[in-house]
Amino acid sequence: MADHQRSRLVVLAGPTAVGKGTVAAWVREHHPEVWISVSATTRPPRPGEVDGVHYHFVGEDGFDDLVARDDLLEWAVVHGRHRYGTPRSPVEAQLDAGRPALLEIDLQGARQVRDAMPDALFCFLAPPSWDELTRRLVGRGTEDEEERERRLRTARLELAAESEFDVTVVNTEVPVAGAQLLDLFG
Ligand code: 5GP
């Protein structure tokens, strides 16, 4: 008999601007026992983002290589722009080591993980309301009008996907949502 079980993988997804990154950051800060996957992306770093910490920042060719080598558990073009993907082997290694693992990814990616790893637990992070989601999306103020409209359209589609998930956590307050997410590791 194995001396430990493979630990649980929780996949956190949800609409644009619902606060997935903020909830994941809360978990990172307060529960370092949970391993959080570092994605690869072709998006350029924002100020303050560190390669290997927030993302593995790769060029288009680098991302092509990851795909060609089948090194990604899932990948997707997010907001019609940049590619994002989850490196496969670190996830496998953490689960084999019995450590709880969290992926914070978009809906397209979550669907791929569901096919590849059906034992994972899929958590939908929902906004308290559509108005609140819109406020958060506009309030962030980092996108122009066209980009905001595009993100809202995506968000409508993403909200409709809630029923595909095992659990919904409503992100009214980050520490509360974070604690509910942690409960899913059992
Ligand atoms: P941002 O560019 O703001 O950091 O992230 C944009 C979106 O990409 C977020 O919705 C985030 O969940 C998603 N994302 C980040 N990493 C991955 C990944 O590895 N795979 C997929 N499919 N989406 C990701």
Side-chain angles (χ1 to χ4, degrees), residues 9-28 34-60 62-67 69-95 101-117 120-127 133-134 136-144 147-148 150-162 164-165 168-169 171 174 177-178 181:
L9 177 65
V10 173
V11 178
L12 179 67
T16 303
V18 74
K20 299 186 294 279
T22 314
V23 172
W26 183 91
V27 173
R28 183 180 289 114
V34 175
W35 177 81
I36 304 181
S37 168
V38 179
S39 300
T41 183
T42 57
R43 167 169 80 60
R46 297 187 183 123
E49 285 184 334
V50 179
D51 188 35
V53 176
H54 299 96
Y55 283 103
H56 300 288
F57 294 101
V58 297
E60 297 294 341
F63 204 96
D64 286 344
D65 287 346
L66 292 173
V67 173
R69 290 199 304 257
D70 199 25
D71 281 350
L72 299 178
L73 178 60
E74 59 75 33
W75 70 271
V77 176
V78 180
H79 302 312
R81 263 205 197 148
H82 301 294
R83 287 183 286 174
Y84 296 79
T86 303
R88 184 194 304 277
S89 60
V91 177
E92 297 285 359
Q94 296 296 330
L95 294 176
L102 178 67
L103 307 185
E104 183 257 290
I105 59 179
D106 90 321
L107 183 62
Q108 311 166 73
R111 288 181 175 133
Q112 294 171 47
V113 178
R114 194 178 48 202
D115 292 340
M117 299 178 103
L121 198 124
F122 293 85
C123 175
F124 189 83
L125 192 66
L133 182 65
T134 308
R136 288 180 194 178
L137 199 57
V138 174
R140 201 155 63 173
T142 50
E143 296 88 22
D144 61 24
E147 175 64 16
R148 276 207 303 272
R150 205 154 55 115
R151 288 192 173 205
L152 278 174
R153 275 199 302 277
T154 307
R156 270 184 225 281
L157 289 172
E158 288 177 333
L159 272 182
E162 181 181 347
E164 297 172 29
F165 284 72
T168 295
V169 166
N171 188 19
V174 172
L181 181 64

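The structure displayed is predicted, hence computed values, not measured ones. Numbering of ligands and ligand atoms starts at 1, following listing order.
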Flag side-chain contact, heavy atom, 4.5 Å: Val67 against Trp75: yes
Euclidean distance, Met117 CE relative to Phe122 CZ, rounded to 0.5 Å: 9.0 Å
Whether Arg46 lies under 4.0 Å from ligand 1, heavy atom: yes
Gly109: numbered ligand 1 atoms lying under 4.0 Å from its heavy atoms: 22 (N)
Side-chain donor or acceptor of Glu162 paired with backbone N/O of Phe124 under 3.5 Å: no
Proximity of Arg83 to ligand 1 by residue part, where a heavy atom lies under 4.0 Å: neither
Proximity to ligand 1 by part of His82, non-hydrogen separation under 4.0 Å: neither
Atoms of ligand 1, numbered as shown, that sit under 4.0 Å from any heavy atom of Tyr55: 1 (P), 4 (O), 5 (O), 15 (C), 16 (N)
Proximal atoms of ligand 1 relative to Val78 (non-hydrogen, under 4.0 Å): 7 (C), 8 (O), 23 (N)
Qualifying salt bridge (charged side-chain N to carboxylate O under 4.0 Å, His left out) pairs, either residue in residues 74-95, two or more places apart: Arg6-Glu92, Glu60-Arg83, Asp64-Arg83, Asp70-Arg88, Arg81-Glu147
Element-labelled atoms of ligand 1 that are located less than 4.0 Å from some non-hydrogen atom of Lys20: 10 (O), 12 (O)
Backbone N/O of Val77 and side chain of Gln108: donor-acceptor pair under 3.5 Å: yes
Separation between CG of Leu12 and CG of Leu125, rounded to the nearest 0.5 Å: 5.5 Å
Ion pair Glu104/Arg28, N-O distance below 4.0 Å: no
Ligand 1 N/O within reach of Ser39 N/O, cut-off under 3.5 Å: yes
Min heavy-atom dist Gln108 to ligand 1 below 4.0 Å: no
Atoms in ligand 1 with a heavy atom of Glu104 nearer than 4.0 Å: 11 (C), 12 (O), 15 (C), 16 (N)
Per-residue contact class, Ile105 against ligand 1 - non-hydrogen pairs under 4.0 Å: both
Heteroatom distance test (Arg43, ligand 1): nitrogen or oxygen, under 3.5 angstrom: yes
Which atom pairs, one a donor and one an acceptor, fall under 3.5 Å between side chains of residues 20-27 and the rest of the protein, sequence neighbours left out?
| from | atom 1 | to | atom 2 | distance (Å) |
| --- | --- | --- | --- | --- |
| Lys20 | NZ | Gly14 | O | 3.0 |
| Trp26 | NE1 | His30 | ND1 | 3.3 |

Separation of Leu102 CG from Leu121 CG (nearest 0.5 Å): 11.0 Å
Ligand-side contact atoms (ligand 1) for residue partner Ala76, heavy atom cut-off under 4.0 Å: 22 (N)
Ala40-ligand 1 polar pair, N/O distance under 3.5 Å: no
